[in-house]
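Just follow the structure's listing: the first ligand is 1, and inside any ligand the first atom is 1.
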Amino acid sequence: MITMLTNSKILWALWQVMNYCVSRTSVMLIIVTCTALLLTQFLKLVRDIRKLPPGPWGPPVVGYLPFLGVRHKTFLQLARNYGALFSARLGNQLTIVMSDYKIIREAFRREEFTGRPSTPLMHTLDGLGIINSEGRLWKNQRRFLHEKLREFGMTYMGNGKKLMEDRIKNEIHELIVSLHRAQGAPIDVNPLLALCVSNVICGITMSVRFSNGDVRFERLNHLIEEGMRLFGEVHYGEYIPLYNYLPGKALAQEKVAKNRDEMFAFYQTLIDEHRETLDINNARDLIDVYLIEIEKAKSEGRAGELFEGRDHELQLKQILGDLFSAGMETIKSSLLWMIVFMLRNPDVKRRVQEELDAVIGRERLPSIDDISSLPYTETTILETLRLSSIVPLATTHSPTRDVQINGYKIPAGSQVIPLINCVHMDPNLWDEPNKFNPSRFIDATGKIRRPEYFMPFGVGRRMCLGDVLARKEMFMFFSCMMHQFDLEMAEGDALPSLEGIVGATIAPKAFRVKFLARSPVPLVPTTLSADSSHLRHVGSH
Ligand code: HEM
């Protein structure tokens with residue numbers, strides 16, 4: 001009996017020891033497995049990070065976001081520290097910055113780089129229009145707009161060319177007469193340039209011509225300027241989505257959405273009016289072109305496929321908005337920078353005027369056909385585009401799949417930024433890059449040279465759609481202004497700053513300038529043949 005009891009105790013004790021060992025082993029096993037898993041994940045993370053371009057580190061969650069400051073300037077500094085291809089984590093977004101022109105060219109010619117990033121602000125635009133769309137919608141719209149805008153004169157050849165030039169001449173007429181009216185008093189020329197430049201693009205797209213002092217135009221201009229600022233600013237909610245749920249923090253998106261509604265209401269009125277008077281055999285402008293396309297798709301039973309099934313009128317309204325803002329703000333700001341550089345570089349100004357007087361004379365105004373005979377005037381425009389780099393970060397691209405560039409991984413969905421201001425200020429490419437020197441664009445034979453590292457309109461598949469119009473407009477406005485007026489600072493005013501107002505574009509800060517007539521009577525363009533009878537004057541009542 002005693003032996004039996006002793007045996008069962010021993011067995012019990014043995015059982016306990018076994019249990020203890022097994023549970024210890026299980027716990028150990030779990031700990032070892034978890035550690036191994038964590039280690040593997042950590043090593044994978046390290047390996048993934050090592051595949052990315054080098055770049056600065058930042059605290060978890062926010063990453064480099066708190067140190068971003070003015071983006072194009074901070075990126076320029078980081079490019080100097082980390083090289084031509086660097087990466088930075090900003091909240092939940094991985095940002096890749098390219099500042100070598102060869103890398104930018106190589107990347108942006110590839111189909112994969114035509115995507116757009118997915119951020120809350122981009123979502124407010126629903127991926128519509130041309131600037132923010134991607135995939136098939138973007139591809140088809142880009143092809144369509146290219147073809148149609150050529151017909152309306154955004155080309156160097158063909159019938160549309162004359163139409164466009166006459167449209168620009170109409171606005172130059174308005175500009176010259178208004179500047180003469182100021183009688184040399186110091187003025188802020190920004191609103192007048194905004195009006196004239198807007199009338200060119202709004203004429204092509206909507207047959208709209210605003211008059212000087214239009215309250216409606218002032219409001220639209222304000223909305224566009226505000227939109228440029230909102231899209232250029234850094235918003236935490238773009239990188240840390242939870243931030244947008246804090247009270248009062250989703251302001252940027254709310255403002256963008258509200259402004260868009262207001263602009264869309266204006267476009268809707270015009271679309272309705274166009275529909276009432278539509279002649280499907282005679283498109284007057286881009287609205288008509290789209291309405292005809294929509295009618296055609298309906299009659300052929302493919303309305304559901306048009307614009308990849310997106311709402312037809314919303315797409316048209318976003319296209320009008322994209323072209324109005326991209327076509328106005330950029331050209332107006334470039335013209336303002338030209339004036340700033342002329343005030344700061346009187347020798348260049350004098351040379352431009354001497355060239356204009358020698359080649360054109362004082363009896364007529366310059367026209368597009370004179371471009372090749374006015375190399376110094378033209379290169380003054382190019383030098384302004386280089387030094388101002390008004391779209392320093394171009395538009396943000398996002399690869400549609402993982403891509404290898406220079407041995408580094410550029411992951412799908414990351415934000416890819418071409419740092420145009422860095423390319424334009426690279427001392428290895430440009431002699432004394434900070435100096436305003438138009439002659440750098442003239443070769444030994446006296447011909448204009450545009451090096452491949454000069455890229456104010458971006459490069460590749462998503463390069464600027466309006467570069468032809470922009471070049472023509474800038475040449476016409478600048479050469480006519482310089483032909484007709486001398487520019488002087490107002491007494492007591494400091495020279496206009498080279499520090500711009502930072503938004504999606506860099507615009508000069510407000511300044512005043514005196515336009516002193518170089519001829520007693522204003523010269524106006526001779527061929528005012530553009531048929532402006534259908535242009536609708538809006539907002540004057
Ligand atoms: C001085 C004048 C201008 C400059 C410096 C300029 C510059 C640029 C730049 C840098 C881009 C982005 C390219 C990229 O991200 O790869 C762009 C895109 C664009 N620009 Fe311009 N631009 C100017 C005038 C215009 C005008 C007059 C129009 C319209 C008529 C226009 C319409 C567009 C559009 C629609 C896009 C987006 C293209 C796309 O996403 O496929 N731009 N522009």
Do Arg150 and Glu147 sit within salt-bridge range, that is, some charged N less than 4.0 Å from a carboxylate O?
no
Please tell me if the side chains of Arg260 and Asp126 come closer than 4.5 Å, counting only heavy atoms from C-beta onward.
yes
Numbered atoms and elements of ligand 1 in range of Thr395, under 4.0 angstrom, heavy atoms:
12 (C), 14 (C), 15 (O)
Give a yes or no on whether a salt bridge exists between Arg219 and Glu262, defined as a side-chain N under 4.0 angstrom from a carboxylate O.
yes
Heavy atoms only: which of Gly460, Ser325, Gly327 is nearest to atom 29 (C) of ligand 1?
Gly327
At less than 4.0 angstrom from any non-hydrogen atom of Ile201, what atoms of ligand 1 do you find?
30 (C)
Which of the numbered atoms in ligand 1 are under 4.0 angstrom from any heavy atom belonging to Pro456?
5 (C), 7 (C), 10 (C)
Considering distance alone, does some N or O of Thr330 sit under 3.5 Å from an N or O of ligand 1?
no
Go through ligand 1 atom by atom and flag the ones less than 4.0 Å from a non-hydrogen atom of Gly458.
10 (C)
Residue selection (non-hydrogen contact nearest atom 22 (N) of ligand 1) among Gly129, Cys464, Ser389
Cys464
What atoms of ligand 1 come closer than 4.0 angstrom to any heavy atom of Ala394?
14 (C), 15 (O)
Go through ligand 1 atom by atom and flag the ones less than 4.0 Å from a non-hydrogen atom of Ile331.
27 (C)
So, are Arg450 and Glu378 salt-bridged, with charged N and O less than 4.0 Å apart?
yes
Taking only heavy atoms of Ile130, which atoms of ligand 1 are found under 4.0 Å from at least one of them?
35 (C), 40 (O)
4.0 Å heavy-atom contact, Met455 with ligand 1:
no
Ignoring hydrogens, just give me the one of Phe457, Trp337, Trp138 whose non-hydrogen atom is nearest atom 9 (C) of ligand 1.
Phe457
With a heavy-atom distance limit of 4.0 Å, tell me whether Glu473 approaches ligand 1 through its side chain, its backbone, both, or neither.
neither
Measure the acute angle between the ring planes of Phe341 and Phe436, then classify it against the limits of 30° and 60° as parallel, tilted or perpendicular.
parallel
With a cutoff of 4.0 Å, is Arg116 in contact with ligand 1, counting heavy atoms of the residue only?
yes
Which bit of Leu149 gets closer than 4.0 Å to ligand 1, counting heavy atoms only: side chain, backbone, both or neither?
neither
Under 3.5 Å between some N or O of ligand 1 and some N or O of Ser334?
no
Looking at Glu171 and Arg209, is there a salt bridge between them, counting it only when a charged N and a carboxylate O are closer than 4.0 Å?
yes
Using a strict cut-off of less than 4.0 Å between a Lys/Arg side-chain nitrogen and an Asp/Glu carboxylate oxygen, indicate whether Lys409 and Asp402 qualify as a salt bridge.
yes
To atom 41 (O) of ligand 1, the nearest of Met474, Arg142, His146, Glu329 on a heavy-atom basis is Arg142
With a 4.0 Å cut-off on heavy atoms, is His397 touching ligand 1?
yes
Geometry only, no angles: is Arg461 polar-contacting ligand 1 at N/O separations under 3.5 Å?
no
For Arg461, is there an ion pair with Glu111 - N to carboxylate O distance below 4.0 angstrom?
yes
For this output row, return yes or no: ring centroids of Trp337 and Phe478 closer than 6.0 angstrom.
no
Which ligand 1 atoms does Val391 reach within 4.0 Å, using its non-hydrogen atoms?
7 (C), 10 (C)
In terms of side-chain geometry, is the basic nitrogen of Lys73 or Glu499 positioned less than 4.0 Å from the acidic oxygen of its partner?
yes
Shortest non-hydrogen contact from Gly115 to Glu134?
CA-OE1, 3.3 Å
On a heavy-atom basis, the closest approach of Tyr376 and Glu355 is N-OE2, 2.9 Å
In terms of the angle between their ring planes, are Phe324 and Phe210 parallel, tilted or perpendicular, with boundaries placed at 30° and 60°?
parallel
For Asp322, is the nearest heavy atom under 4.0 Å from an atom of ligand 1?
no
